[in-house]
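Read through the structure below, which is laid out as C-alpha cells, and then see the notes.
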2 protein chains.
Amino acid sequence: MIRATSIQPLGWLLALSLAIIFPLSSTVADTVPRFSKATLEYAETIRLDAPENNHAMRILESLTTEVGPRLAGGPNDARAVAWAKAKFTGLGFDEVWLEPVTFPTWQRGIETAEVLSPYPQPLSITALGNSIATPAEGLSANIIEFATLADLEASTNAKVAGKIVFINKAMSAHIDGADYGPTVGARSRGASAAAKLGAVGLLIRSVGTDHNRLAHTGYNGYEDGVEKIPAAALSVPDAILLSNMLKRGKPVSVKMNLGSGPGPEYTSYNVIGQINAKKKTNKYVLIGGHLDSWDLGTGAIDDGAGCAVTMAAAEYIARKKLPIMHNIRVVLFANEEQGLFGGNQYRDAHKADVKNIIAAAESDFGQGPVYALNSRVKPEALPLVQQMQKAMSGLNIKAGHNNGNGGPDLIALGAEGVAMFGLALDGTDYFDLHHTANDTFDKVEAERLNQTATSFAMFAFLAANAPSSFGSGEPYLVEKAKQATH
Amino acid sequence: MIRATSIQPLGWLLALSLAIIFPLSSTVADTVPRFSKATLEYAETIRLDAPENNHAMRILESLTTEVGPRLAGGPNDARAVAWAKAKFTGLGFDEVWLEPVTFPTWQRGIETAEVLSPYPQPLSITALGNSIATPAEGLSANIIEFATLADLEASTNAKVAGKIVFINKAMSAHIDGADYGPTVGARSRGASAAAKLGAVGLLIRSVGTDHNRLAHTGYNGYEDGVEKIPAAALSVPDAILLSNMLKRGKPVSVKMNLGSGPGPEYTSYNVIGQINAKKKTNKYVLIGGHLDSWDLGTGAIDDGAGCAVTMAAAEYIARKKLPIMHNIRVVLFANEEQGLFGGNQYRDAHKADVKNIIAAAESDFGQGPVYALNSRVKPEALPLVQQMQKAMSGLNIKAGHNNGNGGPDLIALGAEGVAMFGLALDGTDYFDLHHTANDTFDKVEAERLNQTATSFAMFAFLAANAPSSFGSGEPYLVEKAKQATH
C-alpha cells in the first residue's frame, strides 16, 4: 500500500451516543436496523467453516508462482491481468470484465552504490520508484546525514549543495503501522527537499522495520518546478554502516549508479469479478486489493494477499450458495503503487452511481489477521456495524472506530461519500517485507491468511444482506469525506 | 567456517574413568595436576569483569566498518591485513608480525538467473565460490530437481544430461550446526556429481536456515578430471518457488549468467599478535579466527567475531597485567574460506615445534555464546580440563567431550598432535546469516559477543598457566589425530 492523506480519528463517540439513544431492546425495534436472524446464522457458518478453507493460500500461491512480480506496465503486467481474468472465470464468478487504466510507466535499471573513501566497500541499495537515472558513469559526492526529513528541510544550501543527502530515520514496528506515516516522507518527498538545497542525490534509510540487507523501494514524488535528482534507499544494515562511517568525522564519499527512468505510457486494467444476487440488482458490495506490486519480490503480501483473500471470500459465498441481497464485486486494481491509478479510474468510471455501492473495503496491509472492524458510515447505520463486529468477534475481531479508511484504492470513492469498512490487519511485521525482494509466498502463514479471507467473507456476506443503507452517497458521508480529504 | 573431516565422538568416558581412578581429593594431590589457587582467583576476576568489557564489539565494529568484506585476494585483502597489524599494535600486543600465505584467487562477476518458461520471473542467486563462468550470453536449460545430493548421484545420464541440476535440500537449525554436514555436500561436491551425469549447470537451495531472499555462497570444489560446470545457490524463497513451479509438471527452463572465475595468484598474510609472559619462553597458547570472509557481507559473524573475541581476550589479559607462564598468541588466519590456506601455511611454518603450542582454540562459529568446553588432550590432562570448565561454569559453560576440533584453521595443527580446545558456540542462528550479504555488524548482540570474548579470555589465561602439559606433540595425541583425520 501507499499512504494517503490520513483521516483524523473521531472514535466510537457517535456509536455510543446512538446506543444510549437507541438501546438495542425490543421496545424500540422498529427504529434500529437489524440483520435478520437467518443472515447472522449463515455468517456464523462462514466462521465455523474457515479452518477447512485454504483457498486464499492456493490463489496466492498461484499468483506468485505463475506470474510473480507485477510492476505496473512492466513485463508481467499483461500476464497478471490474464491470470486474474482466468482465475475469476475458473472460480465461477458470474461476471468477469476489464476496465482500462492508462498511466505513465517507470523502469528499474542497474542500481549499485559503493563507499569510495575513506572506507571503500559496496552498499546495498534500490532505486526509489520514479527515480531518474544517474549519469552513466555514476554520481560521486560526499554524504551529508540528516536524522529526519524535517532536519533536512531546516538545513541550508551552504551545507547541502553538491552533496548526496542521506536521511537516516529509523522506523519502529506497530500493529497499525503507525510509524510509517512519520517515516515515509523521506521517501516520498526527500528528493525534492534535498534538491531545493542543491543536493545532487538522495539516499534514505529504507522505510522498513527489518535488519535484512534488502532495501525497500517505494514511490518517490518529484515536486513540480524542482530539479529531479536520483533517489535510492539503502538497506537498514547499510544505513547503519554508513552512519557509523560518518561518526568517525572524516568526509565520506559515495558513488551511486542508477539506470532507472520513465518508460512509455501503458494501458493496464482493473480486473473485476462479480458474484450476483439471485434477484437482479445494481447494488453491490465492493471488496478487493491491487493486482500490481513492486518488482523486487513477488508481491505476496503487497498485495497478492489482498487479491487472494477477497477473491476467496466471494468465491466461498458463491460456492456455498449463501443467499445475498446485493452483488459482491471483487475489484483487483491496476497500478496502486505508482499513484492510485486504478482506484482513480474506478472512481471516474463509476462516479455517477456511487449510491449503488453498499459498502467498500480493500485488503492492502498484508496477510492479517484482522483484529478490528473500523467503518465510515452514517450514524444511523452504526448499530449494523456493531452487529457485524459482534458476528465477527469469534475471529478475535474487536470493535473499531467510525473514521475508517477503506484502503488506498478506495480513497477516491471515499471522497464521493461511499460507505467504507476498514478490516484492520495486524501489520506488526508488514514493514519487514514491504516493497522488498523478501515479499514472497514463503512468508505467508496459512492460519493468518485464512482468518483474513474468512473475515472478508463474513464482512461481504453481511454487507450484502444489510437491511438498510450504510449511507453511500448520502449528504452526511459526502460531507464527512470532504472534511477528511481536504 | 567450512566443515572439515568430522571427528567421531568418544565422550567423557575417559574423563570419568580418570575421575574414579584419581578422585580430586587431597590424599592423591601429588598425582593430579591442579591449577594454583591464585590462577583460579584471577580467572574469576575475568568473569566478574566481563559485563564492563565491550572491547570485542568495538574491535568488530572497527573491522566491519573500516574494512568490510574481505574476500581472500580481493580488493580489501591488503586493507584487512593492514587493519589487523595496526589494531594489534594499537592494542599493545608485545609482538606483531606477518607470515605470508600464497593461494590462487577467485573473482565474483555478474550473477543473475531467470525462469524463461513457463512462468517467466527473475530468480535470486549467488555464484558458489570457485565457480566458473557461464557463456557470456548465459546458460539456458531445463531444470531437473533432486531432493538431495545422494538422489542426484543415484540418477542417470539419460535423465540429467543437458539439464541444469537443482538440488533442493532444506537445512534445519541446531545449536551445533548438526545439519550443515548433511546439507553442505550439495554445495561442495554437487557440481562435479552433476557434471558426471552430463549436466550443464548446478543450482542448489542455499545451505542456510533463513527465509531471506539472500543466497548463501560458499566453496564449491571441482573434482579432478571431471568437467567444470557453473554452480550457484538460489535463496531459500527462490528454491521454494522453483520447486513449486516444477510441481505443476511442465518443463521449467532457466537461464543463468555467472561472470565468476579464477584470478591471479595472490600473497596475503596470517597476521599474528602475541602477549608475552613476563619470563621469556617459547611456549604459547594459540587462539584466533580467520581474517578473510566471503564477499557478500562484511564478515561480521564469519569470522570477524572470531578475530574480535580472541584479540579482545588477549588484550584484556595484557591490559589487566594478569600473570601468565606461557605466551598468548592470537593468529588471524588468511584465506580460510577457499581452502584453509592460512591454517595449512601455519602448520608448515611451525611443524617443527608443535610442542611449544600448549593448547589451541579457534573461534569460527559466530558470535556465541559459548555453551560447552570440549577438548582433545591426553587422558592425564583431563582433570585440568575439568577444572577449567568448572572455572568457566559461571558463564553457563557446560562440560563437553574430549574429541574436540579446535576449529577449521587448526585442523592441520591437530593432525600434528597439538592439544585442542573447542569452545562450543551456540550456532542456532548462525546459518541464517552465514555466507550471505546479511552477515553484517548490526546482527551482533553485545551480550553474546562479550560472553564469547570472556570465555576465550578465561580459557587463554588458564591454559597459559597450566601446571603441566595437555599433551601437545606427545604420542597419544599424535596417534589420536591420525585416527581422527585419516
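Quick note on labels: first sequence line is chain A, next is B, and so on, each numbered from 1.
- For B/S62, the parts lying under 4.5 angstrom from a heavy atom of chain A are both the backbone and the side chain.
- Contact annotation for A/V67: only backbone heavy atoms (N, CA, C, O) come within less than 4.5 Å of a heavy atom of chain B.
- With a 4.5 angstrom heavy-atom cutoff, B/L241 touches chain A via backbone and side-chain atoms both.
- Contacts with chain A were tallied for B/N212, B/I240, B/L433, B/D439; B/N212 has the most, counting heavy-atom pairs under 4.5 Å.
- Considering only heavy-atom pairs separated by less than 4.5 Å from chain A, the leading option among B/P237, B/G68, B/P118 is B/P237.
- For B/L296, the part lying under 4.5 angstrom from a heavy atom of chain A is the backbone only.
- A/T64 approaches B/Q121 most closely through the heavy-atom pair O-NE2, 3.0 Å.
- Within 6.0 Å of NZ in B/K443 there are more than 12 heavy atoms belonging to other residues, nucleotides or ligands.
- Of the two parts of B/V236, neither the backbone nor the side chain holds a non-hydrogen atom closer than 4.5 Å to a non-hydrogen atom of chain A.
- When heavy atoms are compared at a cutoff of 4.5 Å, A/T436 does not approach chain B at all.
- Using a 4.0 Å cut-off between a side-chain N of Lys or Arg and a carboxylate O of Asp or Glu, B/R248 and A/E61 qualify as a salt bridge.
- With a 4.5 Å cut-off on non-hydrogen atoms, B/P120 touches chain A through its backbone and its side chain both.
- For B/K85, the NZ atom counts as loosely surrounded, since its 6.0 Å shell holds 12 or fewer non-hydrogen atoms of other residues, nucleotides or ligands.
- Distance check, rounded to the nearest 0.5 Å: CD1 of A/I110 to CD1 of B/I110 gives 13.0 Å.
- Using a 4.5 Å cut-off between heavy atoms, B/S235 makes no contact with chain A at all.
- With a 4.5 Å cut-off on non-hydrogen atoms, B/N76 touches chain A through its side chain but not through its backbone.
- Of the two parts of B/T65, the backbone and the side chain both hold a non-hydrogen atom closer than 4.5 Å to a non-hydrogen atom of chain A.
- In A/E445, the CD atom is crowded: over 12 heavy atoms of neighbouring residues, nucleotides or ligands sit closer than 6.0 Å.
- Between B/R79 and A/Y119 the shortest heavy-atom distance is NH2-CA, 3.6 Å.
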